[in-house]
Amino acid sequence: IYTITQDTDSSKLLLANLNPDYFNYLPAKYAFQRILTLASKTGKVCEWSAICADPTIDKTYRDLLLNFKAQAIVDSQQSIDILDEYKKARILNHSCSTVLEKLKTQFDSDELLLDLEKALEFARSGNKHELFHIGESNNTRGIVKNILDSAGESNFILSGFPGYDNKTGGLPKKGLHILAAPTGGGKSTVALQLSVNLYRQALSVAYVSLEMGEEQCISRFLSCISGIDHEKIRNRELDKEEKKAIVDSYREHVKYGKSNECRFTVFPPKSEITVSQALFNLKPFGYKVIVLDYIGLFDGMDEQDQWRAMMKATKQCKRFSDVNDCLVVLLAQLDENEFKLKFSRSLKDHADIVWMFHIKEENKDVGEFDMNQTKGRDAISFSFPLSFDFAIKRVWDKTVVGTNGSKGRTVLDSVDDEIQGLSSLTGDFES
């Protein structure tokens, strides 16, 4: 606390990176809160003598603060890291003690798990901010070196839709991607296709579905990769050749995952679940892509202030993607009459990429529609054409056709050549 009141770079860095949660000793906690209050009002950090004489702080605490002895801080960042570890230890200690006490009496296990989950999320959330200088106090040399040393490495992953990838380089490796369409407008089919495309780039993908059970999800997956009519799969009306086509494509995708050490996971929750709970369940597996289908069905979204709950959920997704270096694809509803997000139009404020589409009757007649990127962080807003066949749960770039005329090849040969090991989504999966 004493160090923060000194006019040095170290004190400024400490003040920017700490909050009252880092302090457990009450005199220090109140002193820090007062420093923050005065700094926000005056733009300056008051001197230590002023804090020790501040009448808004209890006299008992002021007397204790006078006994503090100044210690020079050599490494501000190291000090922040140490305080962060103490903060986590206190949270864990308090949480474990609370759980043990509640276990001795009658308790609600779901409520207890939710409280523990919130505590763990709070413990994981850091508050470390860092300034990067060019020129005086220059500390960006390592970043520049890393950028140059990483030449040739892309920060993007191919969507599998060449009309999009050729213009943008692909989707970001981490961030929040919102995919929106009207109710019953094909969100799940497009999201499934995108998930399979990303899996075929040796990425572990998790698909969270709140509308479908595991069998329905897997049936759609089998239809997509094999090109066999989904209704036939669902109604168990497959002939021998169709069954063989499904088995062959299924085995090929299983083999691909084992060879490339990646997995395609379907997660259909069996009970009410929040966005943070879903992400918490998936975190241990280290997925590079998580698809949430869709935001309006998660627990807590039926509140009176639905827009507020949705905003909180998107912030959680964004934070999760940053901390875990993954792409979160969040499905949302589009207004039937306006080309805007339903319920909470400010959802896209937290998104890096926003895709919107509306398949109308005229689109169904020709089997084509335009996907509109209405927001792209560091990318342009534009539309790109896609073809679709909902009977086989497949979406592909309308400008690209697979070998032998097969439907739905989604990766251009030129792109395929650039990425070692990247295979076409569908290849020659023909019955």
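These figures come from a predicted structure and were not determined experimentally.
Applying the salt bridge (charged side-chain N to carboxylate O under 4.0 Å, His left out) rule to Glu101 yields the partners Lys104; only residues at least two apart in sequence or on another chain are considered. Listed by chain and number, the residues in a ring-ring contact (aromatic ring centres under 6.0 Å, His included) with Phe298 amount to none (sequence neighbours excluded). When the ring-ring contact (aromatic ring centres under 6.0 Å, His included) test is applied to Tyr207, no partner is found at least two apart in sequence or on another chain. With sequence neighbours excluded, the residues forming a ring-ring contact (aromatic ring centres under 6.0 Å, His included) with Phe384 are Tyr164, Trp355, Phe382, listed by chain and number. Applying the side chain to side chain donor-acceptor pair (under 3.5 Å) rule to Asn93 yields no partners; only residues at least two apart in sequence or on another chain are considered.
Annotation: Lys232, atom NZ; neighbour count of heavy atoms from other residues, nucleotides and ligands within 6.0 Å does not exceed 12. Atom CZ of Phe156 sits in a crowded spot, with more than 12 heavy atoms from other residues, nucleotides or ligands closer than 6.0 Å. Annotation: Ile134, atom CD1; neighbour count of heavy atoms from other residues, nucleotides and ligands within 6.0 Å does not exceed 12. Enclosure of atom OH in Tyr30 is not indicated, since only 12 or fewer non-hydrogen atoms of other residues, nucleotides or ligands lie within 6.0 angstrom. The number of heavy atoms from other shown groups lying within 6.0 Å of NZ (Lys375) is above 12. Counting non-hydrogen atoms of neighbouring residues, nucleotides and ligands closer than 6.0 angstrom, the NZ atom of Lys360 reaches no more than 12 such neighbours.
Checking Ile228, Ile233, Thr189 one by one against Ser223, the side-chain contact (heavy atoms from CB on, under 4.5 Å) holds for a single residue, Ile233.
Across Cys46 and Ile51, no two heavy atoms sit closer than the pair SG-CD1, 3.3 Å. When every heavy atom of Tyr199 is checked against every heavy atom of Cys262, the shortest pair comes out as CE1-SG, 3.6 Å. The minimum heavy-atom distance linking Leu330 with Cys317 is given by the pair CD2-SG, 4.4 Å. Nearest heavy-atom pair, Leu297 versus Glu211, reported as atom, atom and distance to 0.1 Å: CD1-CG, 3.1 Å. In plain terms, the two heavy atoms of Gln201 and Ser159 that are nearest each other are NE2-N, 4.5 Å. The shortest non-hydrogen separation linking Leu176 to His350 is CD2-O, 3.8 Å.
Between the OG atom in Ser219 and the CD atom in Glu214 there is a gap of 10.0 Å [rounded to 0.5 Å]. If you take CG on Asn324 and CG on Leu279, they are separated by 8.5 Å, rounding to the nearest 0.5 Å. Considering OG of Ser95 and CG of Leu100, their distance stands at 11.0 Å, rounded to 0.5 Å. With rounding to the nearest 0.5 Å, the separation of NZ in Lys255 from OH in Tyr250 is 15.0 Å. We find the CG-CG distance between Asn363 and Asp370 to be 7.5 Å, quoted to the nearest 0.5 Å. Atom NZ of residue Lys244 and atom CG of residue Asp248 lie 4.0 Å apart, to the nearest 0.5 angstrom.
Counting heavy atoms from C-beta on, the side chains of Ile295 and Leu347 come closer than 4.5 Å. Annotation: side chain of Glu242 is not in contact with side chain of Asp229 (no heavy-atom distance under 4.5 Å). Side-chain contact check for Met371 versus Leu179: some heavy-atom pair is nearer than 4.5 Å. The shortest side-chain heavy-atom distance between Thr374 and Ser381 does not fall under the 4.5 Å cut-off. Proximity of Gln193 to Cys224: side-chain heavy atoms (C-beta onward) are separated by under 4.5 Å at one or more points. Looking at Phe388 and Val190, their side chains never come closer than 4.5 Å, going by heavy atoms from C-beta outward. Between Asp325 and Lys173 the shortest side-chain heavy-atom distance does not fall below 4.5 Å. Residues Phe390 and Ile359 have side chains in contact (heavy-atom distance under 4.5 Å, counting atoms from C-beta outward).
Salt-bridge check for Asp352 with Lys174: failed, with every basic side-chain N at 4.0 Å or more from each acidic carboxylate O. The pair Arg234-Glu231 meets the salt-bridge criterion, since a charged nitrogen lies less than 4.0 angstrom from a carboxylate oxygen.
Looking only at distances, a side-chain donor or acceptor of Asp397 sits under 3.5 Å from a matching main-chain atom of Gly163. A donor-acceptor contact shorter than 3.5 Å links the side chain of Tyr256 to the backbone of Ala202. Without hydrogens or angle criteria, Ser321 side chain to Lys318 main chain gives a donor-acceptor distance under 3.5 Å.
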Please step through side-chain contact (heavy atoms from CB on, under 4.5 Å) for the pair Asp389 and Ser387, ending with a clear verdict.
-> CA-CA 7 Å; Asp389 186 343; Ser387 296; over 6 Å; no

Please step through side-chain contact (heavy atoms from CB on, under 4.5 Å) for the pair Val266 and Phe221, ending with a clear verdict.
-> CA-CA 10 Å; Val266 169; Phe221 172 81; 6.0 Å; no

side-chain contact (heavy atoms from CB on, under 4.5 Å) evaluation trace for Val196 with His253 = CA-CA 10 Å; Val196 176; His253 277 71; 4.2 Å; yes

Would you check, one step at a time, whether the test side chain to side chain donor-acceptor pair (under 3.5 Å) holds for Thr274 with Asp299?
-> CA-CA 5 Å; Thr274 64; Asp299 191 26; over 6 Å; no

Given Leu386 and Phe369, is the side-chain contact (heavy atoms from CB on, under 4.5 Å) satisfied, shown in steps?
-> CA-CA 6 Å; Leu386 293 175; Phe369 69 95; 3.8 Å; yes

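Judged by the 6.0 Å distance and 45° axis criteria, Lys29 is not positioned over the aromatic ring of Phe23.
For residues 75-102, the set of pairs meeting the ring-ring contact (aromatic ring centres under 6.0 Å, His included) definition, not counting sequence neighbours, is empty.
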